[in-house]
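Letters A, B, ... are given to chains in the order of the sequence lines, protein chains preceding strands, and every chain is numbered from 1.
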Number of protein chains: 4
Amino acid sequence: MKAKIKQQSILLFEQKGFSETSIQDIVDVLGVTKGTFYYYFPSKEQLLMDIHSNYIDDLLRRQEAIQETEMYNREKLQAIVELLIGDIQDHGPSARVFFREMRHLASENAEKVKKKREQFRLNIEKLISQGIEEGEFRNEMPPDIVAFAILGVTNWSYQWFNPNGEISAERLAAIYSDLILNGIT
Amino acid sequence: MKAKIKQQSILLFEQKGFSETSIQDIVDVLGVTKGTFYYYFPSKEQLLMDIHSNYIDDLLRRQEAIQETEMYNREKLQAIVELLIGDIQDHGPSARVFFREMRHLASENAEKVKKKREQFRLNIEKLISQGIEEGEFRNEMPPDIVAFAILGVTNWSYQWFNPNGEISAERLAAIYSDLILNGIT
Amino acid sequence: MKAKIKQQSILLFEQKGFSETSIQDIVDVLGVTKGTFYYYFPSKEQLLMDIHSNYIDDLLRRQEAIQETEMYNREKLQAIVELLIGDIQDHGPSARVFFREMRHLASENAEKVKKKREQFRLNIEKLISQGIEEGEFRNEMPPDIVAFAILGVTNWSYQWFNPNGEISAERLAAIYSDLILNGIT
Amino acid sequence: MKAKIKQQSILLFEQKGFSETSIQDIVDVLGVTKGTFYYYFPSKEQLLMDIHSNYIDDLLRRQEAIQETEMYNREKLQAIVELLIGDIQDHGPSARVFFREMRHLASENAEKVKKKREQFRLNIEKLISQGIEEGEFRNEMPPDIVAFAILGVTNWSYQWFNPNGEISAERLAAIYSDLILNGIT
DNA sequence: AATGAATGAGTTTTCATTCAT
DNA sequence: GATGAATGAAAACTCATTCAT
């Protein structure tokens, strides 16, 4: 039941937004009562925090798996772009909730999530720095800004990209990797 | 008064979000009463619509001014990137409200704004198509996807870029133009 | 309306207790809606604080008026007993709410009220000390304990005394004054 | 377990009040679940009734033991004052719950407790009447009112008296007995 | 003897909006 | 132009109680 609630909430939060989704909305879909919700979650915010934690922890884990492999930096970068774009297909709703609703976490929770989010970004930054050092990438590009650019390109995709549309996630990832690598090489 | 209300609302919506900002919050800052608000605006949503209209209309006007000049496509693209990044400095709060709170417009209003937003994007797309036709840009890049990439890079900046920080808006615009043009050339 | 709400609340709090009286109960009696309640009071607790403040401030004021007169200490004591017993008739409900529901004030408010309540007690204590010094009362009686005894006797009356019953408030006050003065003289 | 629940409940009811203490609060302290509570008690109110019954039955029993001895009425009165003040030390929490939370008993239970409580008071009244008849006490004092005064003085002590403080329960009982006996003799 | 899942009716509080003045 | 009183619908959350296991 706890899992069902989380899953339905993600869908509703994605469609209507966190503030606009009431506990009533959530439990109505599941055919249970508000009491049930509060049996499993101490508050609406804690549910959101659970969703956020799940999402970012999973993403970080997969990013670190990439970083630990033996590949060229440019290949790792490509893999991360694929990871992010591919996620639209697999965890689109979770991701959109993650990007949009972090503001509704209370300060302490927000802080925790923010740190992990920054960790993800810094990992990309490190990759670029290494690429520059090892001569793979142009050295006049500030690594932090390039990292923000990559996140901008990929994260913005969550707002428009339809993985069941004309062009596939793989193709989009390929185009973006090409664009970025061409841009920084 | 109407202008004052709009201006204060933008700041509050930016800080706390549309749903989390009450009419009471707005009028408190101005030292007036709720009645006053409803004398100037028929509803909270109409206020949001006004903010959105102002923002997107202004942006479109300035984009069209660029498009009408006699420049290379790559120069126009650069000018648009500058326009968007420069706006963080000049209209940051408006912009952030625009990106984040569009969801709170009722269907009819949302539609209008969405059309203009798409118009902005299609104008960029057109620019890229022309650049490809005229041999300025690589022809293996789908123009629509490149347009989304440009918007991603620039719009994402609203989330992290501090125009009073170490690096200036002009410098950031230059870096991003370089990155993009290098990527697609 | 604010006054009406306060007055009705006192009656309901007296009958059913603070926790057992809902805002709905209060506004139902007055034929208005919950919104109206919150137009006048920021919270249920603040209403209780208002009631408490009104009551204790008034009592302290009247006590101090007695203390400032030129009378024997024993006469002043008598006057205070009359004040307290007479209050059952005039402000019985307020008084009962005051005695019973202080616990529901949040710490900060509770502190303020507690201080004033102690002031009232200390004023009685002072009176007794003076009476002992001036030879009016027995000196083997600890003034603080006597003060508690007086408050015990009078405050307990709020729990059983019916001013419209067989014996009048004046008569009860006279009996208690006699009892106490005889006890400490 | 039943005894443990009762005992913990008394402490919690004393600290936070009956309404403010949830079944969850009680079982949390004991490390069991709500089901356990309902295995032993049919309702929250019945638990309160148990607490009340225990307390008042015990008190009545001990009062009657005093009444059956061969002593002067004034000595019996003294013994009852000692009984009540001494109880602050031994059963303070039970007593405070008894005084404060009787209101939460449903009508039928409330009636039963009220009767016993009145019995206790009437026993004191009878003692005073006998004392007057036998010439021990002044005859201008109405026995019922004197009984209320005694209860006022002693019961009020539950609100301020700390048996581990400077003055002992025995000493307080002695002072109060002196005060009362002097007052009515 | 005890648990864990679920309920349903209730609680305080919020807030966009209306409207007579 | 602006106010102040009032509304009504909904929000998040609480909790005594039930019951199958």
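B/Arg117 has no carboxylate O lying under 4.0 Å from a charged side-chain N of B/Glu111, or vice versa, which leaves the two without a salt bridge. Taking 4.0 Å as the cut-off between side-chain N and carboxylate O, A/Glu20 and B/Arg103 count as a salt-bridged pair.
As rounded to whole Å, 13 Å separates atom P of F/dA9 from atom CD of C/Gln24. Regarding C/Ile26, its CD1 atom lies at a distance of 17 Å from the P atom of E/dG10, rounded to whole Å. Atoms NZ (B/Lys44) and P (E/dT18) sit 15 Å apart, rounded to a whole Å. The distance between atom CG of D/Asp28 and atom P of E/dT3, rounded to the nearest whole Å, is 12 Å. Rounded to whole angstrom, the span from the OH atom of A/Tyr38 across to the C1' atom of E/dA6 amounts to 16 Å. Between C/Lys4 atom NZ and F/dA5 atom P there is a gap of 14 Å when expressed in whole angstrom units. Across the protein-nucleic acid pair, D/Gln46 atom CD and F/dA16 atom P stand 16 Å apart, rounded to whole Å. Summarising the geometry, the separation between CZ on D/Phe41 and C1' on F/dT18 is reported as 18 Å, rounded to the nearest angstrom.
The partner of F/dA20 is E/dT3, by the rule that a Watson-Crick or G-U pair needs both atom distances under 3.5 Å. As the counterpart of F/dA9, E/dT14 is assigned, both hydrogen-bonding distances of the Watson-Crick or G-U wobble pattern falling under 3.5 Å.
Regarding contacts with the backbone of F/dG8, every side-chain N or O of C/Thr33 stays at 4.0 angstrom or more from both OP1 and OP2. An OP1 or OP2 oxygen of F/dA6 is reached within less than 4.0 angstrom by a side-chain nitrogen or oxygen of C/Tyr40.
Among the nucleotides E/dT3, E/dA16, F/dA2, the one closest to the side chain of B/Tyr39 is F/dA2. Closest to the side chain of D/Ser43, from the set F/dT17, E/dT12, E/dA5, is F/dT17. For D/Lys34, the side-chain atoms get nearest to F/dT17 when compared with the rest of E/dT12, E/dA16, F/dT17.
Between the side chain of D/Glu45 and the main chain of D/Ala106, a donor-acceptor pair closer than 3.5 Å is present. With D/Glu101 contributing its side chain and D/Phe18 its backbone, the two residues share a donor-acceptor pair below 3.5 Å. Remark: the backbone N or O of D/Gln159 is not paired with any side-chain donor or acceptor of D/Arg96 at under 3.5 angstrom.
Among the protein residues, C/Ser19 comes within range of no part of the nucleic acid, since none of its heavy atoms lies under 4.0 Å from any strand. Residue contacts for A/Phe37: at a heavy-atom cut-off of 4.0 Å it reaches no nucleic acid atom on any strand shown. At a threshold of 4.0 angstrom between heavy atoms, the contacts of D/Thr36 include nucleobase atoms, whether or not backbone atoms are also involved.
Between C/Ile23 and D/Val32, the residue anchored closer to the 5' end of DNA chain E is D/Val32, taking for each the nucleotide with the nearest heavy atom. Residues C/Glu45 and B/Pro42 both approach DNA chain E. Their nearest nucleotides, taken by heavy-atom distance, put C/Glu45 toward the 5′ side. For the pair D/Phe18 and A/Glu20, nearest-nucleotide mapping onto DNA chain F gives the more 5' position to A/Glu20. Checking A/Ser22 against D/Asp25, the closest nucleotide of DNA chain F that is more toward the 5' end is the one next to A/Ser22.
Figure legend: D/Lys44 and D/Tyr38 shown without cation-pi pairing, the cationic atom not lying both under 6.0 angstrom from the six-membered ring centre and within 45 degrees of its axis.
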